[in-house]
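Encoded as structure tokens, the structure appears first; notes follow it.
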Amino acid sequence: MSDASFDAVILGGGVMGSAVALRLAEGGMRVALFEQQALGAGASGVNAGTLSLQTKRAALMPYALAGHELWRRAGARVGYRETGGLTLAFTPDEAGALEELVEQRRQAGAPIELIHGDRARELEPQLGKPIEAASYCALDGYANASLTGLYYRGLLAEAGVHVREAQRVETIDRESRGFRVHATSEACIGTRLVLAGGAWLKQAGALLGISLPIIVRANIVSVTERMPPLLRGVVLHTYGRLTLKQKPNGTFLIGGAWQGEGDPTQGPGRVTPEGLIGNLRLAEYALPPLARSRLIRSWVGYEARAPDVLPLVGEIPDYPNAYVIGAVLGGYTIGPYIGRLLGDAVLGQEPELALFPPARFDLAPAGAN
Amino acid sequence: MTGYDVIVIGAGPAGMAAATRAAELGAHTALIEQGPEPGGQVYRPLPSQFSAGGDAHPGDELREQLRSSTATVLAKHAVWNLADGYHVDVIGPQGTKRLQARTLILATGTYERFVPVQGWTLPGVIGLGAATVLIKSQQVLPGRNVVVAGAGPLLLLVAAMILEAGGRVAAFVDLNGVTDWTARLPTMLSRPDLIWQGSRWWSRLLRAGTPVFRRHVITCIEGENDVAGVQLARVDRNWRATHREARTIAADTVCMGNGLCPSTDMTRLLKLGHRFAPELGGWVPEVDENFRSEREGLYVVGDGAGVRGAAAAPLSGEIAALSAAHALERIDRDQLERARTPLVQDFRRASRFGLTMSGLTTVRAGLISDISSDTVVCRCEDITRGQIDDAVAAGCRDINQVKAATRCGMGPCQGKMCGDAATSILASQVGSHEQVGQLTARPPFRPVDTKALTGSFDYDDIVMAEHAPT
């Protein structure tokens, strides 16, 4: 009965859980955050760090623009770089698709322009041929996702959030005072509960007795040895299957959500030769000098998606004061902002942009009806 | 995909023996080796151009047994990825391929352990193990005027080899004292051949008038663009530097090392359970008395399962091969037990000796606490001890947090050079190696040419099974 009590308890210390926690602390709440591994140990810390408006769904563009702005303000603490980014189309079909995509995203507010393939090669002379068409966004760039944990650990400590790392939540009980949360070696009570478990959201939901419709993806990311300067900005592909950037230290970071394998409950995912080779081939096709690079490391970051590929952000139906946040496509870019939005809702304020209430899905566990 | 009953990775003594025995027992066996020929680090063969004609070479017997077995040797094949099943992704002279086996025997040996010291990144500083490779296999002296420093039996071997090959040993700097060695005499008596060899090496050193510093450590390697000399200090029982030597010892080369760490990249990638066992060289995968892991059909043999030395390694390989052959129903329980019993006895005897020797290299706390704040720990990324300490001050508690915060261990060597030192520094502050954990393993195990993976392809060969949602 002597467990510490908090105004809110958050499960998950990635970008989104941390952003919610910071907002709630700012709003005067006493907040505890439980993280089963370490802050930023999941997708928040192992994604490729791309901050691009050209890879965002039009429906999420206002959120992406706001999230991008928050990373810009974080600046050097997260290795933020605004380099500009190109999306390439290699075939006439891709050029047609790109034109349509650029139009949708422009209408959603992203400053993206369609450019000629030759213009793309003027911007990045090392790109391969043929480039049928391209689009350019001056705001595109990247941050260093490895620094996510360090960045939020500092901010959360400053904000007075009670952060418990390596504390895996094992049970959640609803009682009159709120939610009693039992973790590895600690327990506490929260008047409010926020599930921000990323790829582990399904397991977090199960603790509460709900079935969150989470699809887990295992995205491959790779890095090369250092190379001479070959690329100024970020390079992307029309169909969204490539992110390529050369970091200030000369290494190339290659992503694009090619699929590995794995189950988040069983530890790190596995790189598959098919996924890795496909990803590397597309990167090399875009930037032929990569054929001379050496690959030093590939890994898999788990990403959560909902069936409609829209975020799950809002109050959980039938569970007053319990909230969920996750399944945000482009969650690294959007996370800091959408976390604040949910924080506003938890504080009882009207968020400036709409949330994505989970009530659109049936959350009853299978067999419950 | 090519399938085998047994795939053995690594053709050192343990791997050669495992593959030979598995093949003899009727298992369809492949032995994968990154180097041009079987032998491993300890029995590394001379390059064929060097062939002196007919001279027996250590390891020849194991090599000959392997050659006359039915095991397929895939030399010049680097394993870059592994998956349950067991799938083994290799890059060989003909490109990439995926092999499959019911049984996987990992015999990947060790890395050298380095405890960083001021100036250890200068050209002219090499590992004791690397020095043996240079001298034995390439017949090249590491330098003309060489300081040999660190701990363990390799110290004496390297110093003697340098003298034998006509070099000069500027100083022999041993962390251990006479009593550390004599305390081990009773076990060493089980190998009179090695005592005899050791005493010959000692007399070689004495005849050459080599300055010998017992219970000493290098505190600093000096030089601008390469090694100019070393500073030494006396150490206490905890290997903490106490009394600094006044003079600098001039040298052009330093061979240093503190024993060997089991190479656990593959067992970590396969998520085996590991335990921290300093007497076995550090983190070791959990295996039973047959060297079988908790995963069916997966074995870890040789020094990769704990540093027990070259005599114990082939025995562990054979024991694992027997157990695997039994699991594959090539032999029955009686045959297994009959063949196994004498091997186990020999293995125990050989291990006792090996463990006694590697115990000389178990790092003591003072050596870690003495690493100065401006000493580079991670050579690939130029990360100092001070930066690691700062990460701890910023709240990092496990080694992967330190890696993310500092880049320590993110370079081409993937922590093979710095991982042990960085985790030891962190453990000394956080409390234990168990709390600090191990670096997460990620493929490829060693850097690979991107082109070796991508091969030759057209745009249409890139199969984009799905497009990102718009």
Side-chain angles (χ1 to χ4, degrees), chain A residues 37-41 45 55 57-58 90-91 97 100-101 104 146-150 153-154 157 163 165-166 223-226 237-241 249 256-257 259 261 266-268 270-274 276-278 280-285 290-299 305 309 329, chain B residues 80-84 87 89 96-98 268-271 380-382 391 394-398 400-407 409-414 435 437 440-470:
Chain A
Q37 300 179 59
L39 293 179
T55 54
R57 299 191 73 183
F90 296 119
T91 66
E100 212 171 293
L101 284 173
Q104 287 170 15
S146 301
L147 297 176
T148 302
L150 193 66
R153 195 173 291 115
V163 175
E165 295 181 84
V223 63
T224 70
E225 274 188 8
R226 296 170 191 225
H237 180 260
T238 302
Y239 295 143
R241 304 309 309 282
N249 67 1
Q259 292 300 289
E261 305 171 328
Q266 304 296 312
R270 291 177 299 280
V271 173
T272 55
E274 304 74 38
L276 175 63
I277 290 170
L280 295 178
R281 283 182 166 178
L282 187 56
E284 184 186 317
Y285 190 82
L290 280 179
R292 299 194 300 269
S293 69
R294 295 214 303 165
L295 179 76
I296 58 172
R297 188 164 73 241
S298 293
W299 64 92
R305 266 192 198 176
V309 206
L329 190 72
Chain B
W80 66 272
N81 189 34
L82 284 178
D84 278 322
H87 299 292
D89 295 310
T96 57
K97 102 182 121 169
R98 172 162 266 200
R268 277 181 285 142
L269 191 76
L270 289 170
K271 297 178 204 158
C380 298
E381 298 293 327
D382 250 345
C396 293
R397 288 294 175 271
D398 79 51
N400 290 299
Q401 287 174 286
V402 170
K403 175 181 171 183
T406 64
R407 300 193 58 80
M410 272 196 198
C413 93
Q414 289 291 288
Q435 283 169 284
T440 304
R442 287 168 164 176
F445 297 113
R446 301 211 173 140
V448 299
D449 290 337
T450 302
K451 197 66 200 163
L453 290 172
T454 55
S456 97
F457 64 94
D458 292 324
Y459 189 57
D460 293 339
D461 297 333
I462 304 169
V463 184
M464 283 182 262
E466 49 165 15
H467 299 174
T470 57

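These numbers were taken from a predicted model, which means no experiment stands behind them. Letters A, B, ... mirror the listed sequences (proteins, then strands); counts begin at 1.
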### Summary
Of A:R297, A:R294, A:R270, the largest count of non-hydrogen pairs under 4.5 angstrom with chain B goes to A:R297
### Task
Select one option (side chain, backbone, both, neither) describing which atoms of A:I296 are under 4.5 Å from chain B's heavy atoms.
both
### Query
Shortest non-hydrogen contact from B:N81 to A:P273?
ND2-CD, 4.2 Å
### Query
Does some side-chain heavy atom of A:Q37 sit less than 4.5 Å from a side-chain heavy atom of B:N400?
no
### Message
For the CZ atom of A:F90 and the CD1 atom of B:I462, what is their distance to the nearest 0.5 Å?
### Response
8.0 Å
### Summary
With chain B, the option among A:R305, A:E261, A:R292 that has the most non-hydrogen atom pairs under 4.5 Å is A:R305
#### Entry: CD on A:Q259 to CD on B:E466, rounded to 0.5 Å
6.0 Å
### Message
Counting only heavy atoms from other residues, nucleotides and ligands, does the tally under 6.0 Å from CZ of B:R268 exceed 12?
### Response
yes
### Message
Does the plane of the ring in A:Y285 sit parallel, tilted or perpendicular to the ring in B:F457? Use 30° and 60° as the thresholds.
### Response
tilted
### Task
Measure the shortest side-chain to side-chain distance between B:K271 and A:P268 over non-hydrogen atoms and say whether it is less than 4.5 angstrom.
yes
### Query
Where does A:T238 contact chain B at under 4.5 Å (heavy atoms): side chain, backbone, both or neither?
neither
### Query
Any side-chain heavy atom of A:L276 within less than 4.5 Å of one from B:W80?
yes
#### Entry: Full working for side-chain contact (heavy atoms from CB on, under 4.5 Å) between B:R407 and A:N249
CA-CA 11 Å; B:R407 300 193 58 80; A:N249 67 1; 3.2 Å; yes
### Query
Which residues pass the side-chain contact (heavy atoms from CB on, under 4.5 Å) test with B:Q435, sequence neighbours left out?
B:V430, B:S432
### For B:A468 against A:G240, the heavy-atom pair lying closest together
CB-CA, 3.9 Å
#### Entry: Check against side chain to side chain donor-acceptor pair (under 3.5 Å), B:Q401 and A:E165
CA-CA 11 Å; B:Q401 287 174 286; A:E165 295 181 84; 3.2 Å; yes
### OG1 on A:T272 to CZ on B:R98, rounded to 0.5 Å
7.5 Å
### Summary
A:R153 and B:C396 have their tightest heavy-atom pair at NH1-SG, 3.7 Å
### Summary
Nearest heavy-atom approach of A:S298 to B:P444 is N-CD, 4.2 Å
### Message
Checking B:F445 now: which residues fulfil ring-ring contact (aromatic ring centres under 6.0 Å, His included) with it, not counting sequence neighbours?
### Response
none
### Heavy-atom pair with the smallest gap, counting every atom of B:T454 and A:L280
CG2-CB, 3.6 Å
### Message
What part of B:T470 gets within 4.5 angstrom of chain A, counting heavy atoms only: side chain, backbone, both, or neither?
### Response
both
### Message
Below 4.5 Å, heavy-atom pairs only: which of B:A405, B:A452, B:P443 has the largest tally toward chain A?
### Response
B:P443
### Query
Could you state the interatomic distance from CG (B:D84) to CD (A:Q266), rounded to the nearest 0.5 Å?
10.5 Å
### Task
Considering only heavy atoms and a distance below 4.5 Å, find which of B:L453, B:V448, B:D449 pairs most often with chain A.
B:V448
### Task
Could you tell me which non-hydrogen atom of A:A291 sits nearest to which non-hydrogen atom of B:K451, and how far apart they are?
O-CB, 3.5 Å
#### Entry: Portion of B:D461 that has a non-hydrogen atom of chain A nearer than 4.5 angstrom
both
### Query
Does B:P469 offer a backbone N or O that forms a donor-acceptor pair with the side chain of A:R57 under 3.5 Å?
no
#### Entry: Largest heavy-atom contact set with chain B, pairs under 4.5 Å, which of A:V309, A:L282, A:L147
A:L282
